[in-house]
Structures are given as C-alpha cells and as structure tokens.
Amino acid sequence: MAFVKRVALAPRAVRQLRRVRSVYLAGMLLSASVLLSYDDPARGGRQTTIAGVLLVVFAALLTLTAVQLWRHGRTKHCSTAKKLTPLA
C-alpha cells in the first residue's frame with residue numbers, strides 16, 4: 001500500500017465542488033433524457049452515441065466530486081475539515 005498524504009481541501013475548493021455537483025447531475029439527467037428520447041437506435045446513431053458518452057463523462061465527474069468531498073469530510077486531523085463539517 002502506497003503512502004498517501006491526506007491534505008484537506010481549501011474552503012473555496014469545497015464550496016466549488018458542492019456547487020458543481022448540481023451541474024454534473026443536470027448534465028447526467030439531460031444526457032439520459034436525450035438517450036431515452038431516441039427509441040429507434042437506427043434513427044439517431046451519432047446523437048445517441050454522443051449522448052451516451054456525455055452521460056458516462058458526467059457520471060464519472062459526479063463520482064469523482066462525491067469521492068473528493070467524502071474524503072475531505074473524513075479528515076479529522078485538519079482544522080479546515082473540522083470547520084466545514086456540521087457538529088451533529
């Protein structure tokens with residue numbers, strides 16, 4: 001197992017990641033709706049392929065954003081993470 005240095009994200013980066021989640025989710029929903037609107041695969045060949053690729057890209061970006069925010073929330077030793085996580 002490699003040594004991984006845990007560094008908390010800056011507060012500005014955390015805010016940006018939280019904001020961009022909705023953009024990625026909207027992109028996924030739009031791509032999925034376009035993909036589902038083409039019920040005949042022969043009719044929209046290129047558009048279906050592009051919508052599928054965009055759906056995969058937005059899903060990957062949303063996953064990476066969620067993982068980064070989850071890892072940031074798990075850093076207990078960092079004062080930035082302590083300030084940004086709610087005390088429950």
Side-chain angles (χ1 to χ4, degrees):
M1 182 175 251
F3 175 71
V4 178
K5 184 176 180 183
R6 294 263 181 168
V7 178
L9 298 170
R12 182 177 178 184
V14 173
R15 284 193 306 270
Q16 288 174 346
L17 284 174
R18 287 182 179 159
R19 285 183 191 140
V20 83
R21 278 188 302 190
S22 62
V23 174
Y24 294 155
L25 186 62
M28 279 182 59
L29 292 175
L30 284 173
S31 298
S33 66
V34 167
L35 197 59
L36 292 174
S37 70
Y38 288 113
D39 53 354
D40 185 17
R43 190 182 78 187
R46 183 179 293 166
Q47 290 88 358
T48 305
T49 305
I50 291 172
V53 168
L54 285 175
L55 180 65
V56 169
V57 167
F58 280 122
L61 288 171
L62 184 65
T63 303
L64 285 173
T65 302
V67 167
Q68 282 183 338
L69 287 172
W70 177 72
R71 286 185 65 200
H72 176 73
R74 289 190 59 213
T75 53
K76 303 289 185 204
H77 64 277
C78 178
S79 65
T80 306
K82 288 178 186 175
K83 290 177 189 174
L84 293 175
T85 54
L87 298 172

Q: Please round to the nearest 0.5 Å and tell me the distance separating atom OH of Y24 and atom CG of L17.
A: 8.0 Å
Q | Co-membership, hydrophobic cluster, residues L62 and L64, 4.5 Å side-chain | A | no
Q: Please identify each residue that fulfils side chain to side chain contact (heavy atoms under 4.5 Å, CB included) with V56, with sequence neighbours left out.
A: none
Q) From L55 CG over to L36 CG, what is the distance, rounded to the nearest 0.5 angstrom? A) 9.0 Å
(Q) So, taking the atom named CG in L54 and the one named OG1 in T49, what distance separates them when rounded to the nearest 0.5 Å? (A) 11.0 Å
Q. Is there a side-chain contact between Q47 and V34 (heavy atoms, below 4.5 Å)?
A. no
Q. Ignoring hydrogens and geometry, is there a side-chain-to-backbone donor-acceptor pair from S31 to M28 under 3.5 Å?
A. no
Q) If you measure from OH on Y38 to OG1 on T48, what distance do you get to the nearest 0.5 Å? A) 6.5 Å
Q. Can you get from F58 to V53 by hopping between Ile, Leu, Val, Met, Phe, Trp and Tyr side chains that sit under 4.5 Å apart?
A. yes
Q) With sequence neighbours left out, what residues match R12 under side chain to side chain contact (heavy atoms under 4.5 Å, CB included)? A) R15, Q16
